[in-house]
Amino acid sequence: MSTSADPLAALAALPGVTESVNAVRTAVDRVYGHRVMRRRSNEVTSEAALRGARGSAALAGADWALEEVRRRTDFGAEGEPRTVGAALRLTAEAGQLLSIWRQSPLRVLARLHLVAAGGAEGDQRVGRPRQSGEPVDEPLIGSDLPLPDADEVAGRLEGLAQLLLAGSEAPALVTAAVVHGELLALRPFVSRNGLVARAAERIVLVGSGLDPKSICPAEVGYAELGAGPYMAALEGYASGTPAGMAVWIAHCGRAVELGVRESTAVCEALQRGAA
């Protein structure tokens with residue numbers, strides 16, 4: 001990242017980032033202006049939460065049909081059901097953590113991991129950054145991206161928290177993309193890092209005021225764009241180069257736009273009385 005007083009704002013000035021920011025802002029404004037949002041925004045929010053959780057779970061290896069997620073109630077088993085359950089719990093929890101995020105992002109990240117790892121009571125690795133020698137279970141990333149050691153993780157997490165607490169003039173998309181990318185690159189927990197990273201991005205987008213009603217599920221967009229492009233863009237972020245960072249931010253922006261498209265379709269269905 002840049003060494004300027006406001007490194008997030010410096011990222012916003014990278015070539016192509018302004019276009020992504022403007023495209024996202026235009027898309028978000030359009031869906032918020034939909035007539036259905038005047039009377040039935042709570043329904044759109046609920047549906048966006050469900051679809052966002054489904055998308056995040058798909059990237060974590062549980063690619064279920066939306067109607068399967070909607071009808072199921074048993075998420076305690078191992079494997080895919082547990083992954084889907086974790087995504088649903090995180091989506092529900094994220095909206096409750098906005099005020100704490102503004103004071104202590106690291107406390108929120110610990111809470112998100114506890115929620116994601118539900119049912120792991122007594123596991124001392126849950127809810128704290130991994131320690132030296134502890135393995136990481138993150139199937140999507142695997143060995144394609146170098147895994148920082150525990151000391152680097154601790155230092156960079158603290159740096160991320162200080163950056164967020166200091167505030168920035170950067171657009172919400174840029175801040176959210178950095179939070180998401182940093183958590184994925186670090187994989188600070190022993191498991192569920194992708195789910196936690198996407199939930200943290202959601203908190204930033206909502207808390208920033210860009211998407212206050214949480215109706216623009218970027219997770220839908222990431223799933224639609226696919227795991228391959230997601231990982232390729234993440235490698236750009238991890239490279240730390242201006243071009244790589246711009247690619248990652250643009251990818252995040254496109255995911256938000258696709259999430260907006262999803263919720264616009266929900267609005268249209270509600271308007272027709274079909275949902």
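Fair warning: this is a prediction, and the values are worked out from it, not measured in the lab.
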Chemist: Salt bridge check: are Glu134 and Arg128 linked by an N-O gap of less than 4.0 Å?
Modeler: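 Yes, this pair counts.
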
Chemist: For His180 and Tyr230, take the angle between the two ring planes, folded into 0 to 90°, and tell me which bin it lands in: parallel under 30, tilted 30 to 60, perpendicular over 60.
Modeler: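 Plane angle between 30° and 60°, so tilted.
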
Chemist: Could you give the distance from CD (Glu138) to CG (Leu145), rounded to the nearest 0.5 Å?
Modeler: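 Interatomic distance, Glu138 CD to Leu145 CG, rounded to 0.5 Å: 11.0 Å.
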
Chemist: Do Met245 and Tyr237 make a side-chain contact, defined as non-hydrogen atoms from C-beta onward lying under 4.5 Å apart?
Modeler: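 Contact flag for Met245/Tyr237 side chains = yes.
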
Chemist: Supply the members, apart from Val136, of the Ile/Leu/Val/Met/Phe/Trp/Tyr cluster built from side-chain contacts under 4.5 Å; use none for a lone residue.
Modeler: Leu147

Chemist: Any side-chain heavy atom of Val84 sitting closer than 4.5 Å to one from Pro81?
Modeler: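 No, side chains not in contact.
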
Chemist: Side chains of Arg130 and Val153, heavy atoms from C-beta outward: is any pair under 4.5 Å?
Modeler: yes

Chemist: Would you say Val196 ends up clustered with Val190 if hydrophobic residues are merged whenever their side chains have heavy atoms under 4.5 Å apart, either directly or through other cluster members?
Modeler: no

Chemist: Begin with the C-alpha distance, continue with both residues' side-chain angles, and end with the deciding distance and a verdict on side-chain contact (heavy atoms from CB on, under 4.5 Å) for Leu183 and Glu201.
Modeler: CA-CA 10 Å; Leu183 293 174; Glu201 180 187 61; over 6 Å; no

Chemist: Could you check whether any side-chain heavy atom of Ser263 comes within less than 4.5 Å of a side-chain heavy atom of Pro217, counting everything from C-beta outward?
Modeler: yes

Chemist: Under 6.0 Å from the CZ atom of Arg71, do we count more than 12 heavy atoms belonging to anything else shown?
Modeler: yes

Chemist: Can you check side-chain contact (heavy atoms from CB on, under 4.5 Å) on Thr83 and Arg192, steps first, answer last?
Modeler: CA-CA 8 Å; Thr83 297; Arg192 308 293 192 196; 2.9 Å; yes

Chemist: Under 4.5 Å between side-chain heavy atoms, hopping through other hydrophobics if needed: is there a path connecting Leu90 to Leu97?
Modeler: yes

Chemist: Let me know which of Arg198, Glu219, Arg202 forms a side chain to side chain donor-acceptor pair (under 3.5 Å) with Ser56.
Modeler: Arg198

Chemist: Identify the heavy atoms of Cys216 and Val28 that sit nearest to each other, and give their distance.
Modeler: SG-CG2, 4.0 Å

Chemist: Apply the test side-chain contact (heavy atoms from CB on, under 4.5 Å) to residues Leu210 and Val24: give CA-CA distance (whole Å), side-chain angles for both, the deciding distance (0.1 Å), then the verdict.
Modeler: CA-CA 9 Å; Leu210 176 65; Val24 165; 4.0 Å; yes

Chemist: Do Trp248 side-chain atoms and Ala177 backbone N/O form a donor-acceptor pair below 3.5 Å?
Modeler: yes

Chemist: Is the shortest side-chain heavy-atom distance between Arg254 and Ser20 below 4.5 Å?
Modeler: no

Chemist: Between Ser46 and Glu43 (side chain of the first, backbone of the second, donor and acceptor by atom type, cut-off under 3.5 Å), is there such a pair?
Modeler: no

Chemist: Please round to the nearest 0.5 Å and tell me the distance separating atom CD of Gln103 and atom CG of Leu98.
Modeler: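 Taking CD in Gln103 and CG in Leu98, the distance rounds to 11.5 Å.
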
Chemist: Just verifying a value: how many Å separate Leu270 CG and Met37 CE, rounded to the nearest 0.5 Å?
Modeler: 10.5 Å

Chemist: Would you call Arg156-Glu152 a salt bridge at under 4.0 Å N-O?
Modeler: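 Salt bridge present between Arg156 and Glu152.
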
Chemist: With a 4.0 Å cut-off on N to O distance, would you call Arg261 and Glu257 a salt bridge?
Modeler: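 Looking at Glu257 together with Arg261, the answer is no, because their closest N to O distance does not fall below 4.0 Å.
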
Chemist: Within this structure, what is the CD1-CG distance for the pair Ile249 and Leu11, rounded to the nearest 0.5 Å?
Modeler: 5.0 Å

Chemist: Quick one: does any side-chain atom of Arg54 pair with a main-chain N or O of Trp64 as donor and acceptor, under 3.5 Å?
Modeler: yes

Chemist: Take a 6.0 Å sphere around CZ of Arg107 and say whether it holds more than 12 heavy atoms from other residues, nucleotides or ligands.
Modeler: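 Result for CZ/Arg107: open.
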
Chemist: Evaluate the criterion side-chain contact (heavy atoms from CB on, under 4.5 Å) for residue pair Trp101 and Leu109; output intermediate values, then yes/no.
Modeler: CA-CA 9 Å; Trp101 177 266; Leu109 293 176; 4.1 Å; yes

Chemist: Charged N to carboxylate O under 4.0 angstrom, Asp211 versus Lys213?
Modeler: no

Chemist: Please check this pair: side chain of Ser104 against backbone of Ile100, looking for a donor-acceptor N/O pair closer than 3.5 Å.
Modeler: no

Chemist: Is there a side-chain contact between Leu234 and Ile141 (heavy atoms, below 4.5 Å)?
Modeler: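 Answer yes - side chains close enough.
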
Chemist: How far apart are the C-alpha atoms of Ser191 and Asp137, what are their side-chain angles, what is the distance that settles it, and do they pass the side-chain hydrogen bond (donor to acceptor under 3.5 Å, both in side chains) test?
Modeler: CA-CA 5 Å; Ser191 64; Asp137 179 16; over 6 Å; no

Chemist: Can you tell me how far the CD1 atom of Ile215 sits from the OG1 atom of Thr264, to the nearest 0.5 Å?
Modeler: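 Output value for this atom pair is 7.5 Å.
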
Chemist: How close do Ala53 and Thr91 get, counting heavy atoms only, and between which atoms?
Modeler: CB-OG1, 3.5 Å

Chemist: Look at Glu67 together with Arg72 and state whether they make a salt bridge at an N to O cut-off of under 4.0 Å.
Modeler: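 Salt bridge: no.
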
Chemist: Scan for salt bridge (charged side-chain N to carboxylate O under 4.0 Å, His left out) pairs involving residues 228-249, sequence neighbours excluded, and state none if there are none.
Modeler: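 Checked against salt bridge (charged side-chain N to carboxylate O under 4.0 Å, His left out) - neighbours excluded - no pair reaches residues 228-249.
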
Chemist: Side chains of Gln124 and Gln131: closer than 4.5 Å at any heavy-atom pair?
Modeler: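 No. Closest side-chain heavy atoms not under 4.5 Å.
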
Chemist: Under 4.5 Å between side-chain heavy atoms, counting indirect links through other Ile/Leu/Val/Met/Phe/Trp/Tyr residues: same cluster for Val179 and Leu112 or not?
Modeler: yes

Chemist: If you round to the nearest 0.5 Å, how far is CG of Leu173 from CG of Leu205?
Modeler: 7.5 Å

Chemist: In terms of hydrophobic clustering (I, L, V, M, F, W, Y; side-chain heavy atoms under 4.5 Å; direct or indirect links), are Val220 and Leu88 co-clustered?
Modeler: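 No, Val220 does not connect to Leu88 through the hydrophobic network.
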
Chemist: May I ask you to test the Pro105-Leu160 pair for a side-chain heavy-atom distance under 4.5 Å?
Modeler: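 SC-SC contact between Pro105 and Leu160 ruled out.
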
Chemist: Taking Arg51 first and then Glu262, would you say they form a salt bridge - that is, a charged N and a carboxylate O separated by under 4.0 Å?
Modeler: yes

Chemist: Check whether Val247 and Val174 end up in the same hydrophobic cluster, where Ile, Leu, Val, Met, Phe, Trp and Tyr are linked by side-chain heavy atoms less than 4.5 Å apart.
Modeler: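 Per the 4.5 Å side-chain linkage, Val247 and Val174 are not co-clustered.
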
